[in-house]
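Let me begin by presenting the structure, written as structure tokens, before commenting on it.
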Amino acid sequence: MSTIRKSISFTNKLNNWIQEIVAEGEYTNESEYIRDLVRKDRERKAKYQSLKAAIDKGLNSGVSSKSIPDIIKDVENKLGKNGHL
């Protein structure tokens, strides 16, 4: 995988924060920390998009003919079988 050099600017406060994080030893350098932040942001956005798609699917599926107690009972039955929905 090839790399591309980027030039970014930080305030003194943010720069100090980055240097403190690296000094704690979890990251070997500032670039590694920034790359990790970008990867985590990508993962967060992917989870958000997945959740949004599920919500949209639910909203577009229409109104259920089941009563609330029936829905609760179905959920309890599914949880009782394997502990997961």
Side-chain angles (χ1 to χ4, degrees):
M1 175 179 359
S2 65
T3 59
I4 299 171
R5 181 172 288 277
K6 296 280 185 183
S7 175
I8 58 175
S9 301
F10 294 101
T11 62
N12 285 333
K13 188 175 183 179
L14 287 175
N15 185 56
N16 291 339
W17 172 260
I18 293 167
Q19 290 174 340
E20 287 175 23
I21 295 297
V22 173
E24 290 173 1
E26 188 174 343
Y27 300 94
T28 57
N29 58 48
E30 294 175 2
S31 292
E32 184 182 349
Y33 176 55
I34 300 301
R35 285 190 300 270
D36 189 49
L37 289 175
V38 172
R39 281 190 294 272
K40 287 177 181 176
D41 186 51
R42 281 179 35 179
E43 290 170 7
R44 180 188 61 81
K45 287 185 179 187
K47 287 178 185 177
Y48 169 80
Q49 290 298 328
S50 177
L51 179 59
K52 186 178 181 314
I55 290 170
D56 289 343
K57 181 180 177 184
L59 290 173
N60 293 327
S61 69
V63 178
S64 176
S65 60
K66 295 181 180 180
S67 68
I68 292 177
D70 288 339
I71 294 170
I72 292 171
K73 188 180 221 179
D74 288 347
V75 170
E76 289 172 343
N77 288 337
K78 287 179 184 178
L79 283 174
K81 291 180 183 175
N82 61 13
H84 300 287
L85 289 176

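None of the values given here were measured: they were computed from a predicted structure. Scope of the values below: all heavy atoms of this structure, side chains included, with no hydrogens, waters or symmetry mates.
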Taking atom CG of Asn12 as the centre, does the number of heavy atoms from other residues, nucleotides or ligands within less than 6.0 Å exceed 12? no
How far does CD1 of Ile55 sit from OH of Tyr48, to the nearest 0.5 angstrom? 8.0 Å
Which residues satisfy the salt bridge (charged side-chain N to carboxylate O under 4.0 Å, His left out) test with Lys73, sequence neighbours excluded? none
Using the rule that two of Ile, Leu, Val, Met, Phe, Trp, Tyr join whenever any of their side-chain heavy atoms come within less than 4.5 Å, decide whether Tyr27 and Ile8 are in one cluster. yes
Stepwise side-chain contact (heavy atoms from CB on, under 4.5 Å) test for Lys47 and Leu51: CA-CA 6 Å; Lys47 287 178 185 177; Leu51 179 59; over 6 Å; no
Measure across Arg39 and Glu32 and return the closest heavy-atom pair with its distance rounded to 0.1 Å. NH2-O, 4.4 Å
Test salt bridge (charged side-chain N to carboxylate O under 4.0 Å, His left out) applied to Asp74 and Lys78, step by step: CA-CA 6 Å; Asp74 288 347; Lys78 287 179 184 178; over 6 Å; no
Are Ile72 and Leu79 connected into the same hydrophobic cluster when the rule is that any two of I, L, V, M, F, W, Y join if their side-chain heavy atoms are below 4.5 Å apart? no
Rounded to the nearest 0.5 angstrom, the OG-NZ distance for Ser31 and Lys6 is 13.0 Å
Distance in Å, Arg42 CZ paired with Leu37 CG, rounded so as to fall on 0.5 Å steps: 13.5 Å
Tyr33-Leu14 co-clustered via ILVMFWY side chain contacts under 4.5 Å: yes
Is any NZ, NE, NH1 or NH2 atom of the basic residue among Asp41 and Lys45 found under 4.0 Å from an Asp or Glu carboxylate oxygen of the other? yes
Which heavy atom in Ile18 sits nearest to a heavy atom in Ile34, and how many Å separate them? CD1-CD1, 3.9 Å
